[in-house]
J.: 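Sharing a structure here in structure tokens format.
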Amino acid sequence: MFRPLHNYVLLERIEEENITAGGIIIPDNAKEKPSRGRVIAVGNGTYVGETLVPVSVHENDVVLFAKWAPSANEIKLEGKDFVLIKETDILGIIE
């Protein structure tokens with residue numbers, strides 16, 4: 001498997017529903033990329049001086065991340081699509 005370095009987080013996108021509340025079906029080519037994801041793997045964290053500050057999200061957390069995050073990199077591993085993103089571009093944990 002893949003293990004991110006430093007403060008990077010590997011996410012698997014969580015697909016949104018393709019039917020609106022009013023019952024309208026949204027075709028795949030009109031859907032926006034979801035901004036929710038499940039944490040698959042995390043890096044060790046970042047050093048601040050000589051102190052290691054660990055990443056604050058954990059595997060299996062469901063998170064909301066910035067849609068157009070500058071650090072987001074879409075990658076393919078073992079035939080699946082993932083997002084590799086810096087922890088600072090994660091907006092919060094969905095509980």
Side-chain angles (χ1 to χ4, degrees):
M1 189 59 180
F2 179 84
R3 185 175 59 90
L5 297 176
H6 309 293
N7 64 340
Y8 276 92
V9 178
L10 184 67
L11 302 174
E12 182 176 34
R13 289 186 188 271
I14 296 175
E15 296 296 326
E16 302 291 332
E17 293 292 323
N18 63 348
I19 299 177
T20 66
I24 298 172
I25 298 174
I26 302 169
D28 286 340
N29 61 352
K31 285 197 274 184
E32 288 188 21
K33 290 187 178 181
S35 58
R36 290 188 320 149
R38 181 174 316 283
V39 176
I40 303 301
V42 297
N44 293 334
T46 303
Y47 279 96
V48 177
E50 293 184 17
T51 305
L52 179 64
V53 178
V55 177
S56 57
V57 296
H58 305 291
E59 290 182 15
N60 293 319
D61 282 348
V62 175
V63 298
L64 184 67
F65 61 94
K67 284 184 181 183
W68 307 110
S71 71
N73 295 291
E74 296 194 16
I75 61 173
K76 186 169 272 203
L77 296 170
E78 300 174 4
K80 290 185 175 181
D81 293 326
F82 296 96
V83 177
L84 185 62
I85 192 168
K86 282 188 176 182
E87 179 190 22
T88 54
D89 288 327
I90 294 175
L91 305 174
I93 300 171
I94 300 172
E95 296 179 340

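Numbers for residues simply follow the sequence, beginning at 1.
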J.: Closest approach of Leu77 and Phe82, non-hydrogen atoms and distance?
T.: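 That closest heavy-atom pairing would be O-CE1, 3.7 Å.
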J.: With Phe65, which of Asp89, Leu11, Leu91, Val9 fulfils side chain to side chain contact (heavy atoms under 4.5 Å, CB included)?
T.: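 Single pass found, and it is Leu11.
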J.: Just how far is it from atom CZ of Arg36 to atom CG of Leu64, taken to the nearest 0.5 Å?
T.: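 Spacing of CZ (Arg36) from CG (Leu64) equals 8.5 Å.
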J.: Taking all non-hydrogen atoms of both residues, which atom of Asn60 and which atom of Arg38 are closest, and how far apart?
T.: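 Result for this residue pair: O-NH1, 3.6 Å.
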J.: Over all heavy atoms of both residues, which pair between Tyr8 and Ser71 is shortest? Give the atoms and the distance, please.
T.: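 Answer, listing the atom of Tyr8 first, then Ser71: CE2-O, 4.3 Å.
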J.: Please round to the nearest 0.5 Å and tell me the distance separating atom CG of Leu52 and atom OG1 of Thr46.
T.: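 Between atom CG of Leu52 and atom OG1 of Thr46 there are 7.5 Å.
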J.: Are Pro4 and Val42 packed together at the side-chain level, in the sense that at least one heavy-atom pair is separated by less than 4.5 angstrom?
T.: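 Of all side-chain heavy-atom pairs linking Val42 with Pro4, none is under 4.5 Å.
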J.: What's the spacing between Asp81 CG and Glu12 CD if we round to 0.5 Å?
T.: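 Rounded to the nearest 0.5 Å, the CG-CD separation comes to 9.5 Å.
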J.: Is it true that atom OH of Tyr47 has more than 12 heavy atoms of other residues, nucleotides or ligands lying nearer than 6.0 Å?
T.: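 No - once you tally the heavy atoms of other residues, nucleotides and ligands closer than 6.0 Å, there are 12 at most.
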J.: Closest approach of Asn7 and Val55, non-hydrogen atoms and distance?
T.: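 In this case the closest contact between Asn7 and Val55 is CA-CG2, 4.0 Å.
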J.: Could you tell me which non-hydrogen atom of Ile85 sits nearest to which non-hydrogen atom of Ala69, and how far apart they are?
T.: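 Looking at all heavy atoms of both residues, the shortest contact is CD1-CB, 3.9 Å.
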J.: Does any non-hydrogen side-chain atom of Ile93 lie less than 4.5 Å from one of Val39?
T.: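 Val39 does not reach Ile93 side chain to side chain.
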J.: Quick one: closest heavy-atom pair of Val57 and Glu87, and the distance?
T.: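 Heavy atoms of Val57 and Glu87 come nearest at N-OE2, 4.1 Å.
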